[in-house]
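For reference, the structure is listed below as structure tokens.
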Amino acid sequence: MTNPLDRFLELAGLGIRAQAVIALRTIRLAEGGPAALREAQRMVTEKVVATVEAEMAAARALLGGASFDDAASEALVPVRRCVEDNVRRLSGRLP
């Protein structure tokens, strides 16, 4: 079982990175225009994709006999990847 403090720190870090994505997206959306529309559409689409990928990862883990803790870790992999991809993509294009 994962140390609860390690899990807390992992989730806190993910939350901080997600807040960075929100801030960077707010800047992009405030600029308006076609880029803002594309960003809004991308935001919705990638949330659906990340949710489905997280559910599938957790289900695969559980069907493979993993613990709930391990399944939760597996479910976070696609979410973390999505957040990190967005931080890289959005931070490289600040106005």
Side-chain angles (χ1 to χ4, degrees):
M1 181 176 209
T2 302
N3 179 332
L5 181 58
D6 290 342
R7 179 56 50 92
F8 170 79
L9 293 173
E10 175 187 7
L11 292 174
L14 180 59
I16 290 168
R17 301 295 279 173
Q19 282 298 120
V21 171
I22 292 168
L24 293 165
R25 274 201 163 130
T26 299
I27 293 167
R28 176 71 50 89
L29 295 172
E31 291 174 346
L37 179 59
R38 283 191 305 275
E39 190 63 38
Q41 291 168 337
R42 181 180 190 144
M43 178 174 56
V44 172
T45 301
E46 72 185 16
K47 282 180 181 19
V48 172
V49 169
T51 299
V52 170
E53 288 178 350
E55 290 172 349
M56 289 174 36
R60 273 192 307 272
L62 290 172
L63 289 171
S67 68
F68 286 117
D69 189 52
D70 290 339
S73 290
E74 289 300 314
L76 283 176
V77 170
V79 174
R80 191 178 307 107
R81 183 179 59 241
C82 184
V83 170
E84 291 303 323
D85 288 350
N86 278 316
V87 168
R88 277 191 297 279
R89 181 177 58 80
L90 291 165
S91 63
R93 298 181 66 193
L94 290 174

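All values reported here derive from a predicted model rather than from experimental measurement.
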Please report the closest heavy-atom contact between [X] and [Y], naming both atoms and the distance.
X     : Y     : answer
Leu29 : Ala36 : CD2-O, 3.3 Å
Arg17 : Val83 : CB-CG1, 3.6 Å
Glu53 : Pro78 : OE1-CB, 3.5 Å
Cys82 : Glu46 : SG-CD, 3.9 Å
Asp85 : Arg88 : OD1-NH2, 2.7 Å
Ala75 : Ala54 : O-CB, 3.3 Å

Is any side-chain N of the basic residue among Arg42 and Glu39 closer than 4.0 Å to the acidic one's carboxylate O?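 No salt bridge links Arg42 with Glu39.
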In the structure I gave you, are the side-chain heavy atoms of Arg25 and Met43 within less than 4.5 Å of one another anywhere?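 They are in side-chain contact.
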With the 4.5 Å side-chain cut-off for hydrophobic clustering, are Val79 and Val87 part of the same group?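 Both belong to a single hydrophobic cluster.
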Hydrophobic clustering (ILVMFWY, side-chain heavy atoms < 4.5 Å, transitive) - are Leu90 and Leu37 grouped together?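 Leu37 and Leu90: separate clusters.
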Could you go step by step and tell me if Phe68 and Leu62 meet the side-chain contact (heavy atoms from CB on, under 4.5 Å) rule? CA-CA 7 Å; Phe68 286 117; Leu62 290 172; 3.7 Å; yes
Distance (rounded to the nearest 0.5 Å) between Arg81 CZ and Leu76 CG: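 That separation rounds to 12.0 Å.
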Given side-chain contact (heavy atoms from CB on, under 4.5 Å), test Leu24 with Arg89 step by step and report yes or no. CA-CA 10 Å; Leu24 293 165; Arg89 181 177 58 80; over 6 Å; no
Might you work through the side-chain contact (heavy atoms from CB on, under 4.5 Å) test for Leu11 and Arg7, ending with a clear yes or no? CA-CA 6 Å; Leu11 292 174; Arg7 179 56 50 92; 3.9 Å; yes
